[in-house]
Amino acid sequence: MTAKINFIPIDYDYFDYEGKNYAKIIGRTDTGKRACVIDTTEAYFWAILKKNLNDKQIKKLQNRIEAINITNRVRTSKILRAEVHEKKFLGRDVKVLKIFVTNSKDMYDIAHEINFKEIEKKRELDINFITRYIIERKLNPLNWYEITGDILNNSTEFGGIDSSVDVDICINADKIILLNKDLKFKPKILAYDIETDEFEIGKGEILMISLYGENFKKVLTWKKSSKKDFVENYKSEEEIISKFCEYVRKYNPDILAGYFSDGFDLPYLRARAEKNRIKLNLGLDNSQPIFSKGNLRTGKIRGIVHIDLLRFIRNAYSQYLQSETLSLNEVSKELLEEEKLDFDFDPFNTEKKDIDWDKFYEYNLKDSELTYKLIEKIWIDIEEITKIIKEPLFKVSRSTMASNFEDYVIHNLEQFNEIAEKEPMPEDIARRRERKKYEGAFVLQPIPGLYENVGFFDFSSMYGSVIVSYNLSLSTCSKDEIKNSYVSYYQDKKIYFTKTPGFIPLLLGNIIELRRKAKEEYNQNQNNAILKARSNAFKLIINAAYGYQGFFGARYYCIEAASSAAYFARENIKKAIKSFEKDGFTLIYSDTDSIAVKLDNKSEEQALNTLKRINKNLPGIMELDLDGFFKRGIWVTKRTGEFGAKKKYALIDEKNKIRIRGFETVRRDWCVLTRNTQNKILEFILKEGNEKNALAYLKDIIKKVKKREIPLKELIIKTQLKKSLEEYKSEGPHVTIAKKMKEMGLPVKAGMLIEYYITESKDKKARVRDRALLPNEPGNYDIDYYLKNQILPAVENIFEVLNVNIEEIIDNKKQKSLGDY
DNA sequence: ATATACACGGATCCCCTATTTCC
DNA sequence: GGAAATAGGGGATCCGTGTA
């Protein structure tokens, strides 16, 4: 029976039938039904031919290749045909054979058999079937299509696939047409979270599982029974796992979301299901989650997109956040203004005595609720990035932005008739990783001082615009001289970039233009959240382009392009600085793409005129923007030496809005006391232009420190454990504390924030690490340490700008107070 | 394996020299 | 008096965390 449906693709999978690959795409219809679209495309790769082969030679080669077939344990794979094409590879014209094979999985094996001297390179073997399918059939994720085809209903086609997948409609696609109107789509999301009595995967038991969706709240437990309406009591761990699967099926979500669920919840569930000898059959085809190998485990559920929200936030979203950690609690606080519930479950309380289970259940549910609300909030961003990149949601939500950038390039090569470069081999990666660092950004050493009337300017998407303007990429780069080209240096050797536009600079130029348009449209219609998300998504991709070309894992790795981007950026910012100076502005500071000048007796208008002139002379699409005018700004000296410190300054604008960069205030490895004190002092000085109140405030803080009036929580120092304990060559205080925690039986893992405070010691020579205690260990905080190693270093340089010596103040007071004892 | 370089600053490490301790 | 242990200074290195 032929039918027509409106369809939005959400999850992509593929299967083999009679030795051939088929795509199986799960999505929704415009009536909210779950649909499965079966479709196919031919698998192929390219053989790039050596130059100067004549037609006869190529024909002969074609015949030899077409005769190849291989048989492995599973199936016989054949080469269907080999077509001659004119293509481009890295911008150069090449003659190629497009080699079609019966099964994508056997491409490497077949390519291995093709070892003829006429062939220079084989490419696109590493384009997976789903990516190939999306490119060929243009069925892009999260767009609406009209699909025409045969409905499969208890059909024997494809081995009866329609009855093995739990969907409302299964259709064998014949015609796919992109709809020109956007139908409404809101994914059905279910969030989940588990609580266990051991942290190690599968070691302990799952105490409870919470689920949260629209009008759907549940906590499944086999522990103490509860009368709470959302709690369901069962007899065993086995039962709650089964029930979990059942509820997921019943709720029928497009997305199952967790927080760190790739690394914890899903593998834990899988491990416990195995232990209980039951199936964790979450997939629409009743399959169990599939976990990828390797360091960063991912858990895939067939037909339902499993999203680990933490991964997306870490890779893409974190740059919009202020949070110091990406814990569910902190991110929720910032984005939702909601927090986790306060509940301290002690996993060492093996008897499980005195546990307030009702509170525990509420806590568990709240975690799912927060996860649900978070993904609802940032769905629009995930959606826009996915639509732009065109890879499946499952992948995009987990990829780093560099990898997303690469996927964007691959999905857009067709318009340049380009064949994709291959992924680097391990030996390429090893070589690339060994390379020396290249010179990076220009940072001007500031002269310390408190400045009035500061003009701040910055280049918009500087590295991106440099790559486009100077055509920097692998395919446009040459070590041999090119006449009339862009010339830079890499390791003292000249590098040339042709002016014939390369596909990466062209693509990047397009994205920058698309972003400009989206931003402009948004500015005219600030209620349109989609435009904002789109503009942000483009920005993220633009910013990844520079790092991508210098990233050892990139297909289009080009260290010369990366280093040249830094080179041309330096050239241009130095030129812009000269222009400001020529017009009589005193330079205060500059870092990479930003310039701060002193207006002195000049007007803002005069500064803007200089800006206009600079922009007239900038190459290509480069552009310097006004960031803002500030009524005051402070730059300080380094702790060692009397030079101005780079990457450390604070500004205040006319509306008393303060911007602090680099100071201890914004660093999480300083205690709250120090950070707050410095923040206050900067605020006083910036607002008032003198040190009077700042000094009074500081004196009061010092007094409080000496009287031990500072609460412990303000004295806690937090440092992240970046690697496992054994790897440390130098044992800092946080390492000592981490070792202690491990001895106590607490979980200690790389990535954890270690908390401690510093106490007094009779031994004058005791190291800081020997005086560090865990926050819950009683002790007297070391007044001297907090004054001299925390407060003093944070405020000394600020007061020095105003010629006040703080060391004396701290010392004098100390002598006085010693007399008090 | 999971973008780049530049930069700050605390704490430790490590070497050197001076001083103290011990026989 | 001389060898060994210890103290202390200072630069190098490690480490974590920022800016861009």
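Computed from a predicted structure; not experimentally measured. In what follows, chains carry the letters A, B, and so on, assigned in the order in which the sequence lines appear, proteins first and then strands, with residues in each chain numbered from 1.
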**Student:** Which residues satisfy the ring-ring contact (aromatic ring centres under 6.0 Å, His included) test with A/Y781, sequence neighbours excluded?
**Tutor:**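 A/Y781 satisfies ring-ring contact (aromatic ring centres under 6.0 Å, His included) with A/Y786 once adjacent residues are dropped.
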
**Student:** Who pairs with A/F456 by ring-ring contact (aromatic ring centres under 6.0 Å, His included), at least two apart in sequence or on another chain?
**Tutor:**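 In terms of ring-ring contact (aromatic ring centres under 6.0 Å, His included), with neighbours along the sequence ignored, A/F456 is linked to A/Y649.
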
**Student:** So for atom NZ, which belongs to A/K300, do other residues, nucleotides or ligands contribute more than 12 heavy atoms lying within a distance under 6.0 Å?
**Tutor:**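 Counting neighbours around NZ of A/K300, more than 12 heavy atoms of other residues, nucleotides or ligands fall under 6.0 Å, so yes.
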
**Student:** Classify A/R435 by what it touches in the nucleic acid, base, sugar-phosphate, or nothing, heavy-atom distance under 4.0 Å.
**Tutor:**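 A/R435: backbone/sugar contact only, no base atoms under 4.0 Å.
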
**Student:** Which part of the nucleic acid, if any, lies within reach of A/Y438 when heavy atoms closer than 4.0 Å are counted: base, sugar-phosphate only, or nothing?
**Tutor:**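 Here A/Y438 touches the backbone only, sparing every base.
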
**Student:** Classify A/T400 by what it touches in the nucleic acid, base, sugar-phosphate, or nothing, heavy-atom distance under 4.0 Å.
**Tutor:**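 Contact class for A/T400: sugar-phosphate only.
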
**Student:** Check every strand shown and say whether A/A562 touches a base, only sugar-phosphate, or nothing at a heavy-atom separation below 4.0 Å.
**Tutor:**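 It contacts nothing in the nucleic acid.
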
**Student:** Can you name the residues that form a salt bridge (charged side-chain N to carboxylate O under 4.0 Å, His left out) with A/E800, not counting sequence neighbours?
**Tutor:**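 Counting only residues at least two positions away or on another chain, A/E800 forms no salt bridge (charged side-chain N to carboxylate O under 4.0 Å, His left out).
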
**Student:** If I take atom OH in residue A/Y649 and atom C1' in nucleotide C/dG18, what distance separates them, rounded to the nearest angstrom?
**Tutor:**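 Result: 12 Å.
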
**Student:** Assign A/N315 to base, sugar-phosphate, or nothing according to its heavy-atom contacts below 4.0 angstrom with the strands shown.
**Tutor:**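 Answer is nothing: A/N315 stays at 4.0 Å or more from every strand.
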
**Student:** Report, one pair per line, the protein and nucleotides 7-13 of chain C atoms (nitrogen or oxygen only) whose separation is under 3.5 Å.
**Tutor:**
residue	atom	partner	partner atom	Å
C/dA7	OP2	A/K765	NZ	2.9

**Student:** What's A/Y557 touching, base or sugar-phosphate or nothing? Going by heavy atoms closer than 4.0 Å.
**Tutor:**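 Touches nothing.
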
**Student:** Can you measure A/R769 atom CZ to C/dC14 atom P for me and round it to whole angstrom units?
**Tutor:**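 Answer to the nearest Å: 16 Å.
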
**Student:** For A/P793, which contact category applies under a 4.0 Å heavy-atom criterion: base, sugar-phosphate, or nothing?
**Tutor:**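 Sugar-phosphate contact only - A/P793 comes under 4.0 Å of backbone atoms but never of a base.
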
**Student:** Send over the distance from A/Q720 CD to C/dG16 C1', rounded to a whole Å.
**Tutor:**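 After rounding, the reported distance stands at 8 Å.
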
**Student:** Quick one: is C/dC15 close enough that its OP1 or OP2 comes under 4.0 Å of any side-chain N or O from A/K723?
**Tutor:**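 Affirmative; the distance criterion is met.
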
**Student:** Tell me, please, which residues at least two apart from A/Y757 pass ring-ring contact (aromatic ring centres under 6.0 Å, His included).
**Tutor:**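 Applying ring-ring contact (aromatic ring centres under 6.0 Å, His included) to A/Y757 gives none.
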
**Student:** Just call it for A/G440: base, sugar-phosphate, or nothing, with non-hydrogen atoms closer than 4.0 Å on any strand.
**Tutor:**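 Sugar-phosphate, backbone atoms only, no base.
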
**Student:** Quick one: list whatever passes side chain to side chain contact (heavy atoms under 4.5 Å, CB included) with A/S563, sequence neighbours left out.
**Tutor:**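 Applying side chain to side chain contact (heavy atoms under 4.5 Å, CB included) to A/S563 gives A/Y438, A/Y490.
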
**Student:** Rounded to whole angstrom units, what separation is found between the CG atom of A/L725 and the C1' atom of C/dC15?
**Tutor:**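 Interatomic distance, CG of A/L725 to C1' of C/dC15: 14 Å.
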
**Student:** When you check the gap from the basic side-chain N to the acidic O, do A/E664 and A/K648 get nearer than 4.0 Å?
**Tutor:**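 A salt bridge is present here (some side-chain N lies under 4.0 Å from a carboxylate O).
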
**Student:** If you assign each of A/V443 and A/P733 to its closest nucleotide in DNA chain B, which residue comes earlier from the 5' end?
**Tutor:**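 So the residue in question is A/V443.
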
**Student:** Going by the rule salt bridge (charged side-chain N to carboxylate O under 4.0 Å, His left out), which residues pair with A/D669 if we only count those two or more places apart in sequence or in a different chain?
**Tutor:**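 Testing A/D669 for salt bridge (charged side-chain N to carboxylate O under 4.0 Å, His left out), a comparison that skips the adjacent residues, returns A/R667.
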
**Student:** I'd like to check the salt bridge (charged side-chain N to carboxylate O under 4.0 Å, His left out) partners of A/K740; sequence neighbours left out, ordered by chain and number.
**Tutor:**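 Scan of A/K740 (salt bridge (charged side-chain N to carboxylate O under 4.0 Å, His left out), adjacent residues dropped) gives A/E777.
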
**Student:** Would the number of heavy atoms belonging to other residues, nucleotides or ligands and lying under 6.0 Å from NZ of A/K575 be above 12?
**Tutor:**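 Check fails, neighbour count at 12 or below.
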
**Student:** Between A/H734 and C/dC15, does any side-chain N or O lie under 4.0 Å from OP1 or OP2?
**Tutor:**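 For C/dC15, OP1/OP2 do not have a side-chain N/O of A/H734 under 4.0 Å.
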
**Student:** With sequence neighbours excluded, what pairs up with A/D262 under the salt bridge (charged side-chain N to carboxylate O under 4.0 Å, His left out) test?
**Tutor:**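 Applying salt bridge (charged side-chain N to carboxylate O under 4.0 Å, His left out) to A/D262 gives A/R311, A/R398.
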
**Student:** Could you tell me the boundaries of the chain A footprint on DNA chain B, defined by atoms under 4.0 Å from its heavy atoms?
**Tutor:**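 Endpoints of the contacted stretch of DNA chain B: B/dA1 to B/dC13.
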
**Student:** Got a sec, which residues hit side chain to side chain contact (heavy atoms under 4.5 Å, CB included) with A/D782, two or more places apart in sequence or on another chain?
**Tutor:**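 Only A/I758, A/E760, A/R771, A/D784, A/Y785 meet the side chain to side chain contact (heavy atoms under 4.5 Å, CB included) criterion with A/D782.
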
**Student:** Is A/G662 touching bases, backbone alone, or none of the nucleic acid, heavy atoms closer than 4.0 Å?
**Tutor:**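 Touches sugar-phosphate only.
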
**Student:** What contact category does A/E731 fall into here, base, sugar-phosphate, or nothing, at under 4.0 angstrom with non-hydrogen atoms?
**Tutor:**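 Sugar-phosphate, no base atom in range.
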
**Student:** Scan residues 664-672 of chain A against DNA chain C and write down, sorted by residue number, each residue with any heavy atom closer than 4.0 Å; if none is found, say none.
**Tutor:**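 Residues of residues 664-672 of chain A under 4.0 Å from DNA chain C: A/V666, A/R667, A/R668, A/D669.
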
